[in-house]
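Structure first, then comments.
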Amino acid sequence: VYAVEAWMGLRYREHAMIYKILREGYEAFVLFSFMQFLLAYLGGAVPLARRLHLKRRKGQSQAHMFPCNLFLETWPLGAKFVRMTLIGTLQYIPASLLV
């Protein structure tokens, strides 16, 4: 689907903006679907948060990747980690459509 939309945008340049919006919408849909798939595979948001909370009791945490680790604090594992990850993903979806 993504490749066909990209080809159509190149082939019919006068409609390229429409195809770009469709492509971005499809990308947002795929990202949201993948997030839902991961949550389902991991047992749901609440059980995942419980398992991560048990890891936090063992002293484990999740640092951000470079360069974000230079200015963002480490997120403790648990409900906040799951919530912030979901919020970040859900914020990306409309932002990607607007940009």
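Just so we're clear, the structure is a prediction, and the values are computed from it rather than from any experiment.
- Residue Leu77 is not grouped with residue Leu54 when hydrophobic side chains (ILVMFWY) are merged at heavy-atom distances under 4.5 angstrom, including chains of intermediate members.
- Applying the side chain to side chain contact (heavy atoms under 4.5 Å, CB included) test to Ala45 and every residue at least two apart in sequence or in another chain returns Leu39, Val82.
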Show the atom names and distances, to 0.1 Å, of all donor-acceptor pairs under 3.5 Å that link a side chain in residues 24-37 to residues at least two apart or in another chain.
| unit_1 | atom_1 | unit_2 | atom_2 | d |
| --- | --- | --- | --- | --- |
| Ser33 | OG | Phe29 | O | 2.9 |

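- Other members of the cluster containing Ile21 are Met17, with ILVMFWY side chains joined at under 4.5 Å, either directly or via other members.
- Heavy atoms of other residues, nucleotides or ligands lying less than 6.0 angstrom from OH of Tyr41 number 12 at most.
- Legend: side chain to side chain donor-acceptor pair (under 3.5 Å) pairs involving residues 79-89, not counting sequence neighbours: none detected.
- Residues satisfying the side chain to side chain contact (heavy atoms under 4.5 Å, CB included) test with Arg50, not counting sequence neighbours, are Val46.
- Cluster partners of Leu22, by chain and number: Val4, Trp7, Met8, Tyr12, Ile18, Tyr19. The rule joins Ile, Leu, Val, Met, Phe, Trp and Tyr whenever side-chain heavy atoms lie under 4.5 Å apart.
- For the side-chain hydrogen bond (donor to acceptor under 3.5 Å, both in side chains) test, residues two or more places apart in sequence or in another chain that qualify with Arg56 are His53.
- Of all the heavy atoms in Gly9 and Ala16, the pair that sits closest is O-CB, 3.7 Å.
- Counting only heavy atoms from C-beta outward, the side chains of Arg51 and Leu42 approach each other to under 4.5 Å.
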